[in-house]
Structure formats: C-alpha cells, structure tokens
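All remarks here apply to the structure that follows.
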Number of protein chains: 2
Amino acid sequence: MAEPERPRSRKRRLDGERSRAAVLDAAIATLGRQADASIEDIAAAAGVVRQTVYAHYPSRTALLTAVIDHLTTETASALDAIDVTSPPPEQALRRWLEASWAVVERYPILLSPVIATAAPPADEHDRHRPVTTRLVDLVRRGRRTGVFEERHSEEWTISAVIALGHAAGQQVAAGRMSSAEAAAAYRDSVLRLVVKLPMAEDD
Amino acid sequence: MAEPERPRSRKRRLDGERSRAAVLDAAIATLGRQADASIEDIAAAAGVVRQTVYAHYPSRTALLTAVIDHLTTETASALDAIDVTSPPPEQALRRWLEASWAVVERYPILLSPVIATAAPPADEHDRHRPVTTRLVDLVRRGRRTGVFEERHSEEWTISAVIALGHAAGQQVAAGRMSSAEAAAAYRDSVLRLVVKLPMAEDD
DNA sequence: CTTATCTTGGACGTACGTGTCTAACTTAAG
DNA sequence: CTTAAGTTAGACACGTACGTCCAAGATAAG
C-alpha cells in the first residue's frame, strides 16, 4: 500500500515493465476464458516463458492478487467517472448499468468464478465489493425515495442485478446475442425488476 | 437404456448396490459444494475408500455421467408431475418455478458449473436440456398467447430465469436468505420479468 | 562500450489426482 | 457352513502443475 516505489538501483529497464504488463493482461484474458488456466497457458498467451512470469510474480496467488487489484482499480475508476448520487435513482441506475456493462464487456473475467473464488487465505471475502458498493448505495437511495421496489430484501435486488449481468455476459460469450442486444436486455430487465411500477398491483 | 438387468450370475449382494448409491449421493452432495472435489473427497463423504468408488464407476468421467443421468431423471420426473401445458401460461409458469425450485433446493449441484462443464468429449453440449425444454415450450406458448413479454429474445428470457434461479440458490447457500424468502423472491422476480404488464408502457 | 537487467532453456524436486493391481479381510447369499 | 461378492489397505506408474535454481544469451541504460 504505502510503497514509495523508490528507484533504489541505478538501472531499471522499461523492458521489464512491458512484459510484466503483458503477463498481467494475458492472465486477465486467459483466466477469463478458462478459470483454471495454468501459468504455462498464461505465459504462452503473454508470449513469454513460464520462468518470466515467476520473475514478476512470485507465485500463482500473487499473480491472482495482482489481477484482482488491477481490475478493482480499473473498475472503480470507470464507475467513478459517472455520477450516481445526484440524478434521480432510475436515471442513476441506467448510468450505472451502462458503465458496469462496459467494464464487464472489457473484462469478461469479472463474471468468472475466478474473482469470487480467488479469496486467498483470510482476505476480505469480497474483493470486488468496492464495485458493488456504489450499487448498494444507489439501491438504498432509490428505496428510501420510494421509486424502487421494496418487496424483497435489498440483497436480493443486488444479487439479481449481478445475476442478470452474468446472464447477459454469457449470452454474448456464447454468441447467442450481440453485445448491443445483451446490453439492452440487461438494462431493460434490471429496470423492470427494480423500479417500482406507477400503480401498485395486488398481492 | 435397454438393459434388462439380467441376473446372469448366481450371487448378487444388495450390499453392493447400497454402497453404489452412497457413492452417487456423496458425489452429488460433494460436487455441489466443491466442483473440483477429488474421488478421494467423494469416497470419504460416502464412507468408503477410493478403490470402492472405482469398483462401481470405472473412471471419474463415468461417475460424472452417472451423476448427470441420475439428476436428469430425477428432475424430469419431478417436472413431469406438474401440468405445464394446459393452464394459462402465468399459472403454468408459477408451477414450473415452484417445482424447479424444489429440485434445485434438493440438488444444489444443478446450479454448479459441474453440470455445464461436465460435457465429456463430443456429447450434447447441454445435458440438462431436457429440464429447460419444458420452460422453453412454456415461454413460447405465453408469447404466442400474448401474455408474456416479447421485447427481447426468447433465449434471453430463458437465461434470465436460470440466472435468477442461480441468484436465489446462492443467497440460500450463503445464508443470506431463508429458503422460503429466496423462493418468493425468485418467483416474484421471474413473473415480473416475464409476464406482460396490463398496460403498455412507453419506451 | 560496458554493465546490469531481463529473458530463455534446461533441469530438478515436490505435491496431488487419476487409474490399476494384488492380497487379505469381511460379509451377505445360497 | 461354504462360497463368491464386496471392501479394504498398500503399493505402483503416470501425468500435470507448481515453484526453484542456474548458466548462457540478448538487450536496454549509463
């Protein structure tokens, strides 16, 4: 965390940083396709050799951690770019859905069990919590203001939104829907599920 | 399929069949919790030793196939018990949801990637298709009769229903919702998503 | 150009899961 | 009780992935 990145030695080659980034990208892409990909697979995808991976990341766990950290940072900044707190909840939700879909499309690994399962030893059980945090706040606000459905628990709403995101991502991955179709279906479905209807229905 | 189960040898011990069933049950339970459980794990859960598993199932793949076959049969018969073709689509969907939730609750492995991933070599890519087939037919009928939403593709509806089932199952598994809560949330959410609203909204 | 960094190839040890075999034992079936 | 079915313990071969070490070659930095 508090690492000043002190250039203590006189020579540092940007050569190294490039291959380090290549390995990280390859890990994200490869693990997104195959959650149990080996270091060998990742190295091949990065165009390097297994030992080079270990030169930058001491262990598989370390690489996994780096992947998750990178994704968390990227996602957080992508979601920070949108304002989700001031617009009316429905509008904010639309923006959140659009932004998060874009991120998921760029990093399909986010929908893979790699992230959830990769909790090393006794780390936080939800590393990607910083991402859903904004959604949680948004849902709470929508409920407080009376424009979001409150029939079921808040957590159910969150998990339903995530689950529909998974479904949309899988449709695209399976080639059964275009990215635009999936995005629209995802958006419409979530809104239909979350936003309270104009007139109250019976039970 | 057409195996007369001929008692060709003079002695057959029901002892064997009991442990065979124990292994199968243990495999279903264990793989439901941990998709990559070893034969050792399954054997331990069954109260036997690894070699005993191999005495009944020649390979891991064979065991997996047996698990899937068993689940397919069980699920099919559970869903055959309900009539999903004659009642009005919404009512039929309610029944389908209730029945399929009961099955999923009994066999959490159905929501695990074990089933989808376990396609051996060039087998059907969807072994559990016989289960969703009924849902597909039901959704088609509801669309034709004009009571189900047609805004997005049929396949999206199916995959959304499955995805919400996953979400509900995970909530229960994580202890965040009771089984009854999850069932209700699942049912309500699917209906809200699938059934056309009384009055057409704008775009 | 010199030097330290980086990558590479080769080899090695370890751990784990699969699948097979065999001999000894328990136990249900006749 | 006798016999064959079934389970067990032990050992083995095999493959795969992880992680480490080292020496040689390529290359960017000064």
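Sequence lines set the chain letters: A, B, ... in the order given, protein chains first and strands last, and positions in each chain run from 1.
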Polar pairs (N or O, both sides) under 3.5 Å between protein and nucleotides 24-26 of chain C?
none

**Request:** Only counting residues at least two apart or in another chain, list the ones meeting side chain to side chain donor-acceptor pair (under 3.5 Å) with A/E150.
**Result:** none
**Request:** Sort and list the pairs that fulfil salt bridge (Lys or Arg N to Asp or Glu O under 4.0 Å) and have at least one residue in residues 182-192 of chain A, not counting sequence neighbours.
**Result:** A/D188-B/R151, A/R192-B/E149
**Message:** Tell me every residue that passes side chain to side chain donor-acceptor pair (under 3.5 Å) with B/E40, counting only those two or more places apart in sequence or in another chain.
**Reply:** none
**Asked** Who passes side chain to side chain contact (heavy atoms under 4.5 Å, CB included) against B/S59, sequence neighbours left out?
**Response** B/T61, B/A62
**Request:** Could you list by number each residue of residues 46-58 of chain B showing a heavy-atom separation from DNA chain C of less than 4.0 Å, or answer none if no residue does?
**Result:** B/R50, B/Q51, B/Y54, B/P58
**Request:** Using whole Å, report how far CG of B/L14 lies from P of D/dT7.
**Result:** 11 Å
**Item:** side chain to side chain donor-acceptor pair (under 3.5 Å) partners for B/T52, two or more places apart
**Value:** none
**Message:** Nearest whole Å is fine: how far is C/dC16 C1' from A/R60 CZ?
**Reply:** 14 Å
**Request:** Name all residues meeting the side chain to side chain donor-acceptor pair (under 3.5 Å) criterion together with A/E74; count only those two or more places apart in sequence or in a different chain, and write none if there are none.
**Result:** A/Y107
Atom pairs and distances, side-chain donor-acceptor, residues 165-172 of chain B, under 3.5 Å, sequence neighbours left out:
residue	atom	partner	partner atom	Å
B/Q171	OE1	B/R176	NE	3.4
B/Q171	NE2	A/S159	OG	3.4

**Asked** Please, which pairs that meet side chain to side chain donor-acceptor pair (under 3.5 Å) have at least one residue in residues 22-37 of chain B, sequence neighbours excluded?
**Response** none
**Asked** Does anything in residues 16-45 of chain B reach DNA chain C, meaning a heavy atom under 4.0 Å, and if so which residues?
**Response** B/S38, B/I39
**Message:** For a 4.5 angstrom cut-off between non-hydrogen side-chain atoms, does B/V161 reach B/Y186?
**Reply:** yes
**Asked** Under the side chain to side chain contact (heavy atoms under 4.5 Å, CB included) test, which residues partner B/T73, sequence neighbours left out?
**Response** none
**Item:** Length of the CG-P vector between A/D15 and D/dT27, whole Å
**Value:** 9 Å
